[in-house]
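Here the structure is a predicted model, which is why all the values come from computation and not from measurement. Note on naming: letters A, B, ... go to the chains in the order of the sequence lines (proteins, then strands), and numbering restarts at 1 for each one.
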Amino acid sequence: MSKDPALELKDIHKTFGDHEVLKGISLEAHDGDVISILGSSGSGKSTFLRCINLLENPTQGSICFNGEALQLKPGATDLVAADMKQLTRMRQKIGFVFQSFNLWPHMTILQNVMEGPLHVLKRPKQEVLEYAEYLLNKVGIADKKHMYPNQLSGGQQQRVAIARTLAMDPQILLFDEPTSALDPELVGEVLGVMRGLADEGRTMLIVTHEMNFAREVSSEVVFLHQGLVEEKGTPEKVFGSPDSERCKAFLSTAF
Amino acid sequence: MSKDPALELKDIHKTFGDHEVLKGISLEAHDGDVISILGSSGSGKSTFLRCINLLENPTQGSICFNGEALQLKPGATDLVAADMKQLTRMRQKIGFVFQSFNLWPHMTILQNVMEGPLHVLKRPKQEVLEYAEYLLNKVGIADKKHMYPNQLSGGQQQRVAIARTLAMDPQILLFDEPTSALDPELVGEVLGVMRGLADEGRTMLIVTHEMNFAREVSSEVVFLHQGLVEEKGTPEKVFGSPDSERCKAFLSTAF
Amino acid sequence: MLDLHGFGDQLLQGASITIQLALSSLAVGLILGLLGASAKLSNIKPLQWIANFYTTIIRGVPELLTVLIIYFGATTVLMSIASVFGYDEYIEIGPFAAGVTALGLTFGAYATEVFRGALQAIPKGQHEAAIVLGMHPRRKFFRIILPQVWRVALPGIGNLFLVLLKDTALVSVVGLEDIMRKANVAVSNTKEPFLFYLVAAFMYLALTIVSMAVVHYLEKRASRGLTRG
Amino acid sequence: MELDFSVVIEYFPRLLSGTWMTMKLVILSIVLGAIVALPIALARISKNPLISGGPFAFIFFFRGTPLLVQIFLVYYGASQFEVVRESFIWPVLREPFWCAIIAFTLNTSAYTAEIFRGAIQAIPEGEVEACKVMGMTKVQMYRRILLPRAFGIVLPAYGNEIILMLKASALASTITLLDLTGMARTIIARTYTPIEIFLAAGAIYLVISIAVIYIFRLVEKRQNRYLGTLSIKVPDKG
Amino acid sequence: ADTVRIATEGAWAPFNYIDDNGKPQGFDVDIAWALCEKMEADCKVVTQDWDGLIPGLKVRKFDAIIASMSITEERLKQVDFTNKYYSGGLRFLAPKGKEFDLEKLDGKVIGAQRATLAAQYLEDNFTGKSTLKFYDTQDSVYLDLVAGRLDIVLSDELPTYDWLKTSDDGSKFEFKGKSFKKEDEIGIAVRKGDDLKDKFNKALDEIMADGTYQKINAKYFPFSIY
Ligand SMILES: Nc1ncnc2c1ncn2[C@@H]1O[C@H](COP(=O)(O)OP(=O)(O)OP(=O)(O)O)[C@@H](O)[C@H]1O
Ligand SMILES: Nc1ncnc2c1ncn2[C@@H]1O[C@H](COP(=O)(O)OP(=O)(O)OP(=O)(O)O)[C@@H](O)[C@H]1O
Ligand SMILES: [Mg+2]
Ligand SMILES: [Mg+2]
């Protein structure tokens, strides 16, 4: 393997209508990196994360995955994928965990987790089943596998969503505020699972408001402000002695 | 007037299906008392409050208002009002403020506030109008009187709901988590209004999760646990040195 | 079954025709409804126009008139199209085919709205969760979206089916031998309109009850796991 | 076969007179239907089965059977009996117009009652409780809050019902009434130009429906400026 | 050869009606089968609402109408007719014992079947004077006459003759005045230019000649209706 970063984003811009939400953000993630993305509400964190796998189309910029550039071509207002096959392939390697879980309510927990590897990756059923059960066990809800999402608490649902993402064996995991839709008591369960993933050496990009968590698990912290990277560095640096006044102010209210 | 308590509840029980939510709660409120009711979610606070004016029918127990017992007779599964006239009369003297405001969306703010005194108490229109405007002024939204509830923020709506309740000139005010449906920034406005009412010497029963507020305004604090009064006393006592372990645990997580 | 002056059997035959008509129209209507809803939600303007035109016309014109127009008109239209291709024979549009066409078109127009509402009711996150797995759009539609649409749309569709069931009576006007027509024949033979129309009414009521039971069962099945247990 | 739309022009005045008959049928039965529907809806809401049973059966029968059967029952069915023909109601029942009005009114009142019921029950429980805690009596609650509140909720469904009634009124043609459809069929009996005349009639129905939709949109917009959108499931008719 | 599809209405006893097996029967239907036999054609008799007969013929739903249809100028614009196979006339009908001055029917309620000669006669002569009501079937006309919604009915004499004689209700009614429009000739309608017309005419001549027609006639009426 070369030493290409697993993910390399360059100068990502995104405009909604007249409103430029991202004004040129660059970021590199190497295998094993855990990068936390902080910033106040509306600073563009979600938008940035969603641009990575083209849930939002950036208006400018480039996205490289293991050194391979995602082919983009100009669309009506923004850049769209030029090669759907390539995009689909990349998406399969980039896992995404949503704030609101987005489990499929008409499928059982097990079906939710198996859907991807079975029907998208077309792996053999027995293998997928075993792996799904292993993952559900790992996130601690193996006993609920035949239940439906709505029968689970939010924390349990989010753990299923993580298992569903892991089942695709993604090289990188993106998390968009995975705990902010949860009641305070349930947050812990999900953070615990995520901490485990970090310890395993998984590559992760995490948008979060959980400062303590970010400080503990991150190898790098990025602070966004008004669509730009305002501060960036090790957690010690960013949390301990941030250069930026805004970052300082943000952290002081957050703790 | 005699020295009967304004409100006296004795041994209130309430069962939903098989589930006994209230297991015998007694409480006295004298004129000018401000009683805060605390307890974890599901402990039966709302149910208790709603039993007072028979929004829920208790399965057992008695309710006295200024020494007058509310006539109850056994219904299918619980006690129901024996004398609708008496109940109606009592309800007119007991104000109730809901968590979710429950303003009537097809009426303007002013109409919402005037409805009760005008059509229930049948007071003269001019007098009601003046009083309504006075109250709206007091809760700080006189300028919105011709708007409709959906055009107001949650905090404003709750203030209207309080004005609507005050317009009936109730002897006692019951509040069921009046701020918990509000965004944090809006909570302050409503608590401010309520603090004013406490200072005026109004008799109030308040279910709340706002510990600081409860500590400041209450003359008595009641802590419910699993349908029973677990701890009861002055705020200094309950917040400072509670007897009950459960109460202690609850307060430690709450602060 | 009552003898009903010897017309009991005929009424039962009529019921069988009514059921066949209703089910065939349902099949046609469901397909039209899904196509219509997809067209309305597509980004392609001409498709939206066609779908809007279709639903507006059908929903604004009496069903009886639709039946009559299809019955008298469809053959003409079909034949003039066919004759362009040099085919000059009669193309049969019997009362049954005309009925299925007219009722299917009607059902489809209303179902379009039901499906559209249901498609829009599926949260965006459901689509996104499939997209981020790299799922093919067609697979996403059939495995993730459609099963959920079906659940949301079922009550509306069930309602429309009950309407359809009753609308089948209109096809008797162009001579389909359904319950209503058989009742008319019985009335003209026996001069007992009250009896036979009441019997017809109760036959429709029975069909309605059966349909409601089926819809209820389907709704229960479809919402498995979707309500907190 | 070519279409010859000159017959449409020739017979247009007669189509218009049919249209007028259609309007009379629809307006009258909608108004009467609403009046009948309100008490039925209120009785239907009652938890007492002795009170809600009758309305339930009434609604079930009229929603569960085709309007065509209902019209025939009223028109041909009732007149079968000597007793009816000799009773005081015969002067009404012998007129096809009134038979149509009776059938339509009963039918639309069943649907309208369901719409009213849906609207009243769609009012959030909290708003009802807000009435109770104020010490309102049941009558005050309905008169002052629930019915006015329901009015706003009912609008879209009720507009729909009017259009459905408009279309259903075409069935009046089966009992000799010269409504728009009846007139069209009579004209066709003479001219043998079904497509032209039916299309013309269809166009007229369409214009009326669109007008009704438009009016209701306007009223609704006014209503919902303040109300937000709270709508109910619409029971449809056949 | 191809099947000849013959349409009849099925609500015009005794010329055509549907029996309790759901099969069309009657004078028209008997004639139809007799003609088919002579033509050695493979035939099928279908029923069709009166209003839909001519439109249906024109769009080739069927090939001929044997449904007691009068040959009129208006219809001739749309279809061809064979020679007559019987002739009828119109006659008023009302409750027994009631006096009617047939010259003065102003204000009376008169009924007829929609799209028939009778309906047309009423429209041409009584519009604006009497209340006219048109029905989908002749059966409905009788139902309303019996119910008392109609004062008087105008219809074809022959089927009404049968109704008066054979039905329970009929005994309470009688013809009023003479029959008129005797020139009313009933023919078989075929599409314009269709050579079926000649085949039918030839077959008609044959059943007239060999007595088949007279046998059928006698089955329904004690007098010749040709
Ligand atoms: N689809 C969209 N259309 C228009 N504007 C949008 C859209 N999505 C996001 N925005 C705007 O872009 C800005 C950044 O939004 P984004 O969701 O990325 O913020 P965020 O940092 O994730 O905030 P939060 O912490 O609240 O989730 C906001 O001002 C938002 O209103
Ligand atoms: N209408 C009802 N039917 C059945 N169970 C009910 C009903 N209302 C309340 N309960 C149950 O009664 C228990 C107490 O509910 P209650 O609403 O009084 O709790 P609470 O103390 O107000 O909680 P919270 O702080 O969440 O408002 C809960 O377990 C609840 O599920
Ligand atoms: Mg976000
Ligand atoms: Mg509560």
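Only the backbone of Leu103(A) comes within contact range of chain C, with heavy atoms under 4.5 Å apart. Neither the backbone nor the side chain of Gln99(A) has a heavy atom closer than 4.5 Å to any heavy atom of chain C. For a residue to count as touching a neighbouring chain, one of its non-hydrogen atoms must lie under 4.5 Å from one of that chain's; by this rule Met147(A) does not touch chain C. Ile94(A) touches chain C through its backbone: at least one of N, CA, C or O sits under 4.5 Å from a heavy atom, while the side chain does not. Contacts between Arg89(A) and chain C at a heavy-atom distance below 4.5 Å are absent for every atom of the residue.
When all heavy atoms of Arg91(A) and Ile131(C) are compared, the closest pair comes out as NH1-CG2, 2.9 Å. When every heavy atom of Gly134(C) is checked against every heavy atom of Gln92(A), the shortest pair comes out as O-NE2, 3.5 Å.
Here the straight-line distance linking atom CE of Met168(A) with atom CG of Leu133(C) works out to 5.0 Å at 0.5 Å rounding.
Within a 6.0 Å radius of OH in Tyr134(A), other residues, nucleotides and ligands contribute 12 heavy atoms or fewer.
Partners of Thr106(C) by side-chain hydrogen bond (donor to acceptor under 3.5 Å, both in side chains), not counting sequence neighbours: none found.
Between chain C and the residues Glu115(A), Arg50(A), Met84(A), Lys93(A), the most heavy-atom pairs under 4.5 angstrom are made by Glu115(A). Taking Thr165(A), Thr88(A), Val120(A) one by one and counting their heavy-atom pairs under 4.5 Å with chain C, the maximum is reached by Val120(A).
Residues from residues 139-147 of chain C that place a non-hydrogen atom less than 4.5 Å from a non-hydrogen atom of chain A comprise Arg139(C), Arg143(C), Ile144(C), Pro147(C), given in numerical order.
Taking 4.5 Å as the limit, some side-chain heavy atom of Phe98(A) sits within range of a side-chain heavy atom of Val132(C).
Within the 3.5 Å criterion, the main-chain N or O of Leu55(A) finds no donor-acceptor partner in the side chain of Glu128(C).
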